[in-house]
Amino acid sequence: MAVKKACESFSKSLIDEVQRWGCMKQTGVSLRYMMEFGSRPTRRNFIISAQFLHKELPIRIARRAIELEALPYGLSEKPAVLKVRDWYLDSFRDLRSFPEIKDANDEKEFTHMIKAIKVRHNNVVPMMALGVQQLKKGINPRIVYEDLDEIHQFLDRFYMSRIGIRMLIGQHVELHNPNPPPHVVGYIHTKMSPMEVARNASEDARSICQREYGSAPNITFYGDPDFTFPYVPTHLHTMVFELVKNSLRAVQERYMDSDKVAPAVKIIVADGIEDVTIKVSDEGGGIARSGLPKIFTYLYSTARNPLDEHSEISEADAVTMAGYGYGLPISRLYARYFGGDLQIISMEGYGTDAYLHLSRLGDSQEPLP
């Protein structure tokens with residue numbers, strides 16, 4: 001049925017072309033390469049970068065479009081997933097109908113186009129979450145979440161690929177900034193202070209907690225405020241924000257009706273030779289051991305779900321304190337994208353420690369699903 005719908009709104013030749021491009025080999029790049037290449041923003045380099053994206057993006061987008069057509073349990077037919085599939089096919093068509101890039105003018109137009117593609121895909125995560133919600137509503141309760149492993153693996157690949165596509169487009173677009181801040185190359189800050197980013201992300205999480213509960217636990221920081229290393233600040237902000245938000249919620253809910261003062265959430269930044277590790281530590285009561293395997297799945301959240309069948313997702317949607325259960329699995333993908341990882345260790349009855357490992361070397365290739 002989903003295939004039929006695709007063929008109704010898209011020509012057969014386009015669908016055939018998607019199949020062909022989806023079989024081509026993807027080319028990964030490393031943080032270090034992006035940084036070195038971007039540090040020389042010459043006209044020639046812009047053209048080389050655009051030519052690379054002109055060939056690379058259709059391959060990555062085609063692969064995802066093909067996968068969106070063949071999801072188990074009828075997920076492909078859910079209205080929200082069909083919408084996402086159409087965005088991918090539209091973007092593939094835009095890229096493939098763009099002529100070869102030969103000069104600075106072509107490159108300029110191409111940059112405008114990929115900027116528009118990035119905007120088109122802004123709401124992919126909540127839209128896919130809505131699709132999974134639509135699936136969960138109608139699914140047989142006897143199907144246990146472990147059986148939905150296939151969907152989980154697909155979503156991991158899908159979101160990892162999305163992080164890569166947005167990084168490549170964003171990096172190319174940002175390099176055109178005529179007045180970049182000091183030490184910034186596209187999306188990459190060559191002297192990023194993890195402490196500063198962690199503070200900003202924590203403040204954002206605290207203000208949301210404050211808004212939702214009327215108060216928020218304190219946060220204490222440990223680490224060298226002068227230490228810097230090359231990384232993508234927006235990625236780190238996303239991850240720390242998510243971890244702190246979870247910790248604040250756990251502590252707040254545990255101490256809401258207590259006479260005791262809620263203990264502070266601790267953030268420790270350690271700079272090792274290979275990794276920079278950020279530990280977010282709380283005394284929010286922890287997670288039961290049986291619940292731990294579920295925290296990285298896309299089909300589980302302890303909070304009530306802000307999405308429902310009738311919700312219209314808009315750009316202006318406020319970030320809720322707890323959402324559709326995607327924060328942790330997507331944060332782990334961000335960490336892994338540049339060779340890091342995210343681990344959660346919990347003591348039920350006491351609290352939870354999250355260890356965010358960020359690779360310092362910057363030369364690990366993008367993981368290409």
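Note that the structure is predicted; figures quoted are calculated from it, not measured.
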*Can you check whether Pro367 reaches Met160 side chain to side chain, under 4.5 Å on heavy atoms?*
yes

*Can you check whether Val18 reaches Ile61 side chain to side chain, under 4.5 Å on heavy atoms?*
no

Let me check something: any side-chain donor-acceptor pairs from residues 266-276 under 3.5 Å, sequence neighbours excluded? List them with distances.
none

*asked:* Take a 6.0 Å sphere around CE of Met256 and say whether it holds more than 12 heavy atoms from other residues, nucleotides or ligands.
replied: yes

_Give me each pair satisfying salt bridge (Lys or Arg N to Asp or Glu O under 4.0 Å) with a member in residues 29-40, each pair once, sequence neighbours excluded._
Arg32-Asp363

*Is the closest side-chain heavy-atom distance between Arg162 and Val125 below 4.5 Å?*
yes

_Heavy-atom check, side chain of Ser247 versus side chain of Ser281, under 4.5 Å_ = no

*CD of Glu100 to NZ of Lys55: how many Å apart, nearest 0.5 Å?*
12.5 Å

Side-chain donor-acceptor pairs under 3.5 Å in residues 167-188, sequence neighbours left out?
from, atom 1, to, atom 2, distance (Å)
Gln171, OE1, Tyr187, N, 2.6
Gln171, NE2, Val185, O, 3.2
His172, ND1, Ser49, OG, 2.6
His172, NE2, Glu107, OE2, 2.9
His172, NE2, Thr111, OG1, 3.0
His176, ND1, His172, O, 3.0
His176, NE2, Glu107, OE1, 3.3
His176, NE2, Glu107, OE2, 2.8
Asn177, OD1, Asn179, N, 2.9
Tyr187, OH, Lys118, NZ, 2.9

*Are any side-chain N or O atoms of Arg63 and backbone N or O atoms of Phe158, one a donor and one an acceptor, separated by less than 3.5 Å?*
no

_Results of ring pair (Phe, Tyr, Trp, His ring centres under 6.0 Å) for His121 - residues two or more places apart only_ = Tyr88

*Ser215: which of Arg206, Gln210, Gln252 passes side-chain hydrogen bond (donor to acceptor under 3.5 Å, both in side chains)*: Gln252

_Non-hydrogen side-chain atoms of Leu248 and Ile208 separated by less than 4.5 Å_ = no

_Residues Tyr334, Leu342; criterion side chain to side chain contact (heavy atoms under 4.5 Å, CB included); working and verdict_ = CA-CA 9 Å; Tyr334 272 113; Leu342 170 61; over 6 Å; no

*Can you label the angle between the Phe241 ring and the His237 ring as parallel, tilted or perpendicular, going by 30° and 60°?*
parallel

_Spatial distance of atom CG (Leu57) from atom CD (Gln26) [nearest 0.5 Å]_ = 11.0 Å

*Not counting sequence neighbours, which residues clear ring pair (Phe, Tyr, Trp, His ring centres under 6.0 Å) with Phe227? List them please.*
Phe229

_Looking at Lys102, is its backbone amide N or carbonyl O close enough to the side chain of Asp106 to form a donor-acceptor pair, meaning the two atoms are under 3.5 Å apart?_
yes

_Nearest 0.5 Å, please: how far is CE in Met192 from NE2 in His235?_
11.5 Å

_Side chains of Leu328 and Leu243 in contact at under 4.5 Å (non-hydrogen atoms)_ = yes

*Mind checking salt bridge (Lys or Arg N to Asp or Glu O under 4.0 Å) for Asp90 and listing every partner two or more places apart, or none if nothing turns up?*
Arg93

*Run the side chain to side chain contact (heavy atoms under 4.5 Å, CB included) check on Thr277 and Leu356 step by step: do they pass?*
CA-CA 5 Å; Thr277 304; Leu356 181 57; 5.9 Å; no

_Charged N-O contact under 4.0 Å between Lys245 and Asp204_ = no

*How about Ile278 and Pro194: do any of their side-chain heavy atoms sit closer than 4.5 Å?*
yes

*Interatomic distance, Leu368 atom CG to Lys25 atom NZ [nearest 0.5 angstrom]*: 8.0 Å

_Minimum side-chain heavy-atom gap Leu358-Phe338 below 4.5 Å_ = no

_Main chain of Ser76, side chain of Arg85: is a donor-acceptor contact present, judged purely on distance under 3.5 Å?_
no

*Write down the atom of Ser359, the atom of Gly339, and the distance for their closest heavy-atom approach.*
CB-O, 3.6 Å

*Is there a donor in the side chain of Ser91 and an acceptor in the side chain of Arg120, or the other way round, less than 3.5 Å apart?*
yes

*asked:* Nearest 0.5 angstrom please: Thr234 OG1 to Met239 CE, how far?
replied: 9.0 Å

*asked:* I'd like to check the ring pair (Phe, Tyr, Trp, His ring centres under 6.0 Å) partners of Tyr159; sequence neighbours left out, ordered by chain and number.
replied: Tyr298, Tyr326

*Just checking, any donor-acceptor pair under 3.5 angstrom between side chains of Tyr213 and Glu253?*
yes

*Nearest atoms (heavy-atom pairs only) where Ser202 meets Val244*: OG-CG2, 3.7 Å

*Is a salt bridge present between Arg289 and Glu348, judged by a nitrogen-to-oxygen distance below 4.0 Å?*
no

*Pair listing, salt bridge (Lys or Arg N to Asp or Glu O under 4.0 Å) test, anchored in residues 221-232, at least two apart*: none

*Given side chain to side chain contact (heavy atoms under 4.5 Å, CB included), test Phe92 with Glu17 step by step and report yes or no.*
CA-CA 9 Å; Phe92 178 84; Glu17 200 174 356; 4.1 Å; yes

*Nearest atoms (heavy-atom pairs only) where Gly286 meets Ser346*: CA-OG, 3.3 Å

*asked:* If I compare all heavy atoms of Gly131 with all of Leu75, which pair ends up nearest, and what's the gap?
replied: O-CD1, 3.6 Å

*Does the side chain to side chain contact (heavy atoms under 4.5 Å, CB included) test come out yes or no for Met128 and Leu68, once each step is laid out?*
CA-CA 10 Å; Met128 281 304 287; Leu68 283 165; 4.0 Å; yes

*For Phe110 and Leu95, work out which heavy atoms get closest and say how close.*
CE1-CD2, 3.9 Å

*Check Ile295 against Ile287 and note the closest heavy-atom contact, atom names and distance.*
CG2-CD1, 4.3 Å

*Using a strict 4.0 Å threshold on nitrogen-to-oxygen distance, state whether Glu56 and Arg60 make a salt bridge.*
yes

*Going by the ring-ring contact (aromatic ring centres under 6.0 Å, His included) test, which pairs reach into residues 344-369, not counting sequence neighbours?*
none

*Sequence neighbours left out, what passes ring pair (Phe, Tyr, Trp, His ring centres under 6.0 Å) with Tyr33? Give chain and number order.*
Phe37

*Sequence neighbours left out, what passes salt bridge (Lys or Arg N to Asp or Glu O under 4.0 Å) with Asp103? Give chain and number order.*
none

_N/O donor-acceptor pair under 3.5 Å between Ser331 side chain and Gly327 backbone_ = yes

*asked:* Looking at Asp16 and Lys12, is there a salt bridge between them, counting it only when a charged N and a carboxylate O are closer than 4.0 Å?
replied: yes

*For Arg64, enumerate each residue passing the salt bridge (Lys or Arg N to Asp or Glu O under 4.0 Å) test, keeping only those at least two apart in sequence or located in another chain.*
Glu67

*Chi angles and distances behind the side chain to side chain donor-acceptor pair (under 3.5 Å) call for Gln153, Asp149*: CA-CA 6 Å; Gln153 286 170 11; Asp149 210 31; 3.1 Å; yes

